[in-house]
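Encoded as structure tokens, the structure appears first; notes follow it.
Just so you know, these numbers come straight off a predicted model, no measurement behind them. Residue numbers begin at 1 in each chain, while the letters A, B, ... track the order of the sequences.
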2 protein chains.
Amino acid sequence: MVSTFEVLAEPRRREILDLLYAGERHVGELVERLGMPQPGVSKHLKVLRAAGLVEVRQEAQRRWYRLRLQPLVEVDQWLRPYRDLWERHLDALERHLDAMPEEGGR
Amino acid sequence: MVSTFEVLAEPRRREILDLLYAGERHVGELVERLGMPQPGVSKHLKVLRAAGLVEVRQEAQRRWYRLRLQPLVEVDQWLRPYRDLWERHLDALERHLDAMPEEGGR
DNA sequence: AGCGTATATACCGGTAGGGGTATATTCCTC
DNA sequence: GAGGAATATACCCCTACCGGTATATACGCT
């Protein structure tokens, strides 16, 4: 079984999740928006499905994919203690941050 | 440059971060606790360092590693919209969760 | 200067993962 | 049931990554 972190390591897969954030999408839509060949998209979707990050609904030939949040909740849980660190000690965070000349943003 | 997600994909590296969560550690300590050969640990530390997830302080032959939170903050920022989803619509989360027969826990 | 300790780096072999192309599968329509 | 649309799967190639072993580098001590 593949860990959620491994699945999220692929930029394309995070892109897919970001697209599904807005709501259900069928494969063709994803192919178009990602600008990558359909088999590649299907392959990533398979990985995402295996990890429980998406689920499928079939409608005629179309397959509609949508998010499943649960694995992300687990990632969030792993992150939580660290988040507590920088939220509780804001000064410590600044000590961490001031080492960076500038911040890249998103 | 390697994305933080790729770096976190490695279980050993997350273990290292979890160990550093408690505070500074030198390499030998990490080697002992992880039960893996020293060169492997050093290699992972190099990756973590390149990603800005740890920083080093030298003291004689010892190298003390400690956490840098900033990249984790960025991961948290990526996660935030999704977290908002499940925090705002708790019922929606439950709809997501009830698809699972049982929960594996951590 | 020489030795021991602590850590990093070089090198090698195996392997899993991603891209690309071709093909199979499924379903709808006529 | 034939054809076409939508998606999945099989196969191949290639590269990046991980583990392991050997070696280099840096530092302190005597």
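A salt bridge does not link B:Arg80 to B:Asp84: none of the charged nitrogens lies less than 4.0 Å from a carboxylate oxygen.
Residue contacts shown for B:Lys46 are limited to sugar-phosphate atoms, with no base heavy atom under 4.0 Å away. B:Gly40 comes within 4.0 angstrom of nothing in the nucleic acid, heavy atoms only.
Nearest-nucleotide positions on DNA chain C place A:Glu6 closer to the 5' end than the other of A:Pro39 and A:Glu6. Position along DNA chain D of the nearest nucleotide to B:Gln38 versus B:Val47 favours B:Val47 as the more 5'-ward residue.
Following chains of ILVMFWY side-chain contacts shorter than 4.5 Å, one can reach B:Met36 starting from B:Leu20, so the two form part of one hydrophobic cluster.
Rounded to an integer number of Å, the gap from A:Glu29 CD to D:dA5 C1' is 16 Å. The distance from atom CG of A:Leu45 to atom P of D:dA8 is 6 Å, rounded to the nearest whole Å. One interatomic measurement links the two molecules: CE of A:Met36 to P of D:dT7, which rounds to 15 Å at whole-angstrom precision. As a whole-Å value, the separation of A:Arg57 CZ from D:dA6 P is 16 Å. What separates NZ of B:Lys43 from P of D:dT21 is a distance of 14 Å, to the nearest Å.
Considering every non-hydrogen atom in both B:Ala9 and A:Glu6, the closest pair reads O-CG, 3.6 Å. Nearest heavy atom pair, residue A:Gly52 against residue A:Pro71, reads O-CG, 3.3 Å.
With hydrogens and angles disregarded, no donor-acceptor distance shorter than 3.5 Å links the side chain of A:Tyr65 to the backbone of A:Leu30. Judged by distance alone, with hydrogens and angles left aside, the side-chain atoms of B:Tyr82 form a donor-acceptor pair with the main-chain N or O of A:Asp18 at under 3.5 Å. A donor-acceptor pair under 3.5 Å is absent between the side-chain atoms of B:Arg49 and the main chain of B:Val54, judged by distance alone. Between the side chain of A:Arg13 and the main chain of A:Val7, a donor-acceptor pair closer than 3.5 Å is present.
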Using a cutoff of under 3.5 Å, can you pull out all pairs of nitrogen or oxygen atoms linking the protein to nucleotides 26-28 of chain D, with atom names and distances?
from, atom 1, to, atom 2, distance (Å)
D:dC27, O2, B:Gln61, NE2, 3.4
D:dG28, O4', B:Gln61, NE2, 3.3

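Put simply, chain B comes within 4.0 Å of DNA chain C, heavy atom to any atom, from C:dG4 to C:dT9, going 5' to 3'.
Residues passing the side chain to side chain donor-acceptor pair (under 3.5 Å) test with B:Arg63, sequence neighbours excluded: none.
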